[in-house]
K.L.:
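Quick one: this structure, given as structure tokens, is what I'll be asking you about.
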Amino acid sequence: MTSVLLDDLARLVDQLRADGRRVIGPTVRDHAIVLDELTDASQLPYGWGVELEAGRYRLRRREDQLAFGHAAGPQSWKTFLHPAREMLWSTDAGVAGAVEPADPPPAFAFLGVRSCDLRAIGVLDRVLGDGRRYAQRRDGVFIVAVNCTEPGATCFCVSAGGGPRAESGYDVVLTELPDGRYVAESGSEPGARLLTRIPARPLEQPVAAGAAAAVDAAADRMGRTLPSGDLAGAIAAARESGRWDDVASRCLTCGNCTMVCPTCFCTDIVDSTDLTGEHAERWQRWDSCFDLDFSRLHGGPVRSSGASRYRQWLSHKLSSWNDQFGESGCVGCGRCIVWCPVGIDITEEAAALVDPVGGRRPG
């Protein structure tokens, strides 16, 4: 493992771009911190933080100029690995067969991947990794992770089985220090080679220890928590709970939670033709189990009520996902809480299902 101290991220971004990679990282746009292509490090959200609560997201100016002093934004890295819309093939009248898009996927470098999102990428790898298109985009992605030192009010990664420290799955991991410097550690051979090409200082033990302590302290400052114990079993046993009707009275079934979730992966297929009828295309697009048509069969939708659709989403995420994939489908990023228009909180709903008396919604 290579460990060094970086004064800034300019040369890191430059080297990644020199390798022919599209660098994707956080930046400020449209009153939010979003993920977009970076052409240089100055586009990072230096000096910006966020205020998070159920159904609320606000940018705020920080008193420092840290680049990663914010929690998860509305997008996740799923946007680039499992796009919201993707053309599968096209064909024209008189042509035998269909033609798939010929352009190869870009070589990505993800900069600023939090531990929760790193785990989410691992979940997608296990769910979608056998798919040819996903594998083509995923292969060769260079990941620069960031250890979290300032969790948001809606974060609960520790109770979801993770933590603020990136444990594996990265090429380089950064820990941002209060003075704006970065402890950089390699997690792969390509990561170690990259760090040797960037001007850096030797990492002294007191600095490394301070960085590690800041990350450890973040684990005790989570804004939310899931119930402990056998959560998957408790959710499965609560199938007939009246809480599903309670949450359905508030839920708009808009599907925002599935769109912002870094692990939701369901898709639909749409075929279309142009006005002449001479050209046809097949597209894959994200779908949501909150959509009434998601479970439609020849006799109508299987889950026609809002209560049944919310139950499907939460039960799959926190319970039956374990049966399918051997792990939970929730990484504790809190996006579903923040971007729910009516502020429904998955940790609150889980607590109410596990303990119908103690977990009751106040008011």
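Heavy-atom basis, side chains included; hydrogens, waters and symmetry copies ignored.
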K.L.:
Is it possible for you to say whether Val127 and Val113 belong to one hydrophobic cluster, with membership spreading through side-chain heavy-atom contacts below 4.5 Å?
P.N.:
yes
K.L.:
Taking the side chain as every heavy atom from C-beta outward, state whether Leu118 and Val331 have any pair of such atoms under 4.5 Å apart.
P.N.:
no
K.L.:
Of all heavy-atom pairs between Phe68 and Pro26, which one has the smallest distance, and what is that distance?
P.N.:
CE2-CG, 4.0 Å
K.L.:
Report yes if some heavy atom in the side chain of Phe156 is under 4.5 Å from a heavy atom in the side chain of Cys116; otherwise report no.
P.N.:
no
K.L.:
Is the shortest heavy-atom distance from the side chain of Val50 to the side chain of Val338 under 4.5 Å?
P.N.:
no
K.L.:
Going only through I, L, V, M, F, W and Y residues with side-chain contacts under 4.5 Å, is there a path from Trp77 to Ile33?
P.N.:
no
K.L.:
Assigning hydrophobic clusters by single linkage (Ile, Leu, Val, Met, Phe, Trp, Tyr; side-chain heavy-atom cutoff under 4.5 Å), is Ile198 placed with Val144?
P.N.:
yes
K.L.:
I'd like to know if Asp117 and Arg335 make a salt bridge, using a cut-off of under 4.0 Å between side-chain N and carboxylate O.
P.N.:
yes
K.L.:
Less than 4.5 Å apart, side chain to side chain, heavy atoms only: is that true for Asp40 and Val23?
P.N.:
no
K.L.:
Any side-chain to backbone donor/acceptor pair from Ser249 onto Asp246? Under 3.5 Å, distance only.
P.N.:
yes
K.L.:
Look at the rings of Phe265 and Trp321 and say which category their plane angle falls in: under 30° parallel, 30 to 60° tilted, over 60° perpendicular.
P.N.:
perpendicular
K.L.:
Which heavy-atom pair separates Pro341 from Leu252 by the least distance, and what is that distance?
P.N.:
CB-CD1, 4.1 Å
K.L.:
Are any side-chain N or O atoms of Thr253 and backbone N or O atoms of Gly306, one a donor and one an acceptor, separated by less than 3.5 Å?
P.N.:
no
K.L.:
Please determine whether side chain to side chain donor-acceptor pair (under 3.5 Å) holds for the pair Tyr46 and Asp64, giving the CA-CA distance in whole Å, both sets of side-chain angles, and the decisive distance to 0.1 Å.
P.N.:
CA-CA 8 Å; Tyr46 292 104; Asp64 52 44; over 6 Å; no
K.L.:
Find the distance between OG1 (Thr263) and CD1 (Ile121) and round it off to the nearest 0.5 Å.
P.N.:
12.0 Å
K.L.:
Check this for me: does any side-chain nitrogen of one of Arg17 and Asp14 sit under 4.0 Å from a carboxylate oxygen of the other?
P.N.:
no
K.L.:
Rounded to the nearest 0.5 Å, what separates atom OG in Ser328 from atom CD1 in Ile235?
P.N.:
10.0 Å
K.L.:
Show the numbers, then the answer: is there a side chain to side chain contact (heavy atoms under 4.5 Å, CB included) between Glu281 and Asp271?
P.N.:
CA-CA 6 Å; Glu281 295 177 349; Asp271 293 333; over 6 Å; no
K.L.:
Under 3.5 Å, is there a donor-acceptor pair between the Gln324 and Ser320 side chains?
P.N.:
no
K.L.:
Look only at the side chain of Ser159 and the backbone of Thr225, and say whether a donor-acceptor pair between them is shorter than 3.5 Å.
P.N.:
no
K.L.:
Under 4.5 Å between any side-chain heavy atoms of Cys340 and Asn256, yes or no?
P.N.:
no
K.L.:
Leu124, Val260: one ILVMFWY side-chain cluster at the under-4.5 Å cut-off?
P.N.:
no
K.L.:
Can you tell me if Thr79 uses its side chain to pair, donor with acceptor, with the backbone of Gln75 under 3.5 Å?
P.N.:
no
K.L.:
Starting from Val95, walk the hydrophobic network (Ile, Leu, Val, Met, Phe, Trp, Tyr; side-chain heavy atoms closer than 4.5 Å) and list everyone else you reach, by chain and number.
P.N.:
none
K.L.:
Kindly confirm or rule out a cation-pi arrangement of Arg60 over Trp48, judged by NZ or CZ under 6.0 Å from the six-membered ring centre and within 45° of its axis?
P.N.:
no
K.L.:
Counting heavy atoms not belonging to Arg239, are there more than 12 under 6.0 Å from its CZ?
P.N.:
no
K.L.:
What residues form a salt bridge (charged side-chain N to carboxylate O under 4.0 Å, His left out) with Arg303, not counting sequence neighbours?
P.N.:
none
K.L.:
Ignoring hydrogens and geometry, is there a side-chain-to-backbone donor-acceptor pair from Asp19 to Arg21 under 3.5 Å?
P.N.:
no
K.L.:
Is the side chain of Thr91 donor-acceptor paired with the backbone N or O of Gly97 at a distance under 3.5 Å, no angle test?
P.N.:
yes
K.L.:
Verify side chain to side chain contact (heavy atoms under 4.5 Å, CB included) between Ile346 and Ile337, making sure each step is shown before the conclusion.
P.N.:
CA-CA 7 Å; Ile346 188 174; Ile337 302 172; 4.2 Å; yes
K.L.:
Looking only at the side chains, is there a donor atom on one of Tyr182 and Glu176 sitting less than 3.5 Å from an acceptor on the other?
P.N.:
yes
K.L.:
Measure from the side-chain N and O atoms of Arg309 to the backbone N and O of Phe290, and report whether any donor-acceptor pair falls under 3.5 Å.
P.N.:
yes
K.L.:
Any chain of hydrophobic side-chain contacts (each under 4.5 Å) joining Leu203 to Leu195?
P.N.:
no
K.L.:
Does Arg62 pair with Glu150 as a salt bridge, N-O distance under 4.0 Å?
P.N.:
yes
K.L.:
Could you tell me which residues satisfy salt bridge (charged side-chain N to carboxylate O under 4.0 Å, His left out) with Glu51, sequence neighbours excluded, listed by chain and number?
P.N.:
Arg56
K.L.:
Does Leu88 offer a backbone N or O that forms a donor-acceptor pair with the side chain of Arg133 under 3.5 Å?
P.N.:
yes
K.L.:
Should the ring pair Phe325 and His316 be called parallel, tilted or perpendicular, given that the plane angle runs from 0 to 90° and is split at 30 and 60?
P.N.:
tilted
K.L.:
Donor-acceptor pair, distance only, cut-off 3.5 Å: does the side chain of Ser115 make one with the backbone of Arg165?
P.N.:
yes
K.L.:
If we ignore hydrogens and angles and just use 3.5 Å, is the side chain of Trp286 paired with the main-chain N or O of Asp268 as donor and acceptor?
P.N.:
no
K.L.:
Just to verify, which of Leu6, Leu5, Val4 counts as forming a side-chain contact (heavy atoms from CB on, under 4.5 Å) with Arg201?
P.N.:
Leu5
K.L.:
Could you check His279 against Asp274 for side chain to side chain donor-acceptor pair (under 3.5 Å), going step by step and ending with a plain yes or no?
P.N.:
CA-CA 6 Å; His279 179 79; Asp274 64 6; 5.6 Å; no
K.L.:
Rounded to the nearest 0.5 Å, how far apart are CD1 of Ile344 and OG1 of Thr347?
P.N.:
12.0 Å
K.L.:
Between Cys257 and Trp339, is there a side-chain heavy-atom distance shorter than 4.5 Å?
P.N.:
no
K.L.:
Is the shortest side-chain N to carboxylate O distance from Glu86 to Arg282 below 4.0 Å?
P.N.:
no
K.L.:
With no hydrogens and no angle check, just 3.5 Å: does a side-chain donor-acceptor pair link Ser188 and Asp171?
P.N.:
yes
K.L.:
Do Val354 and Leu231 have side-chain heavy atoms sitting under 4.5 Å apart?
P.N.:
yes
K.L.:
Can you find a heavy atom in the side chain of Leu111 that is under 4.5 Å from one in the side chain of Ile24?
P.N.:
no
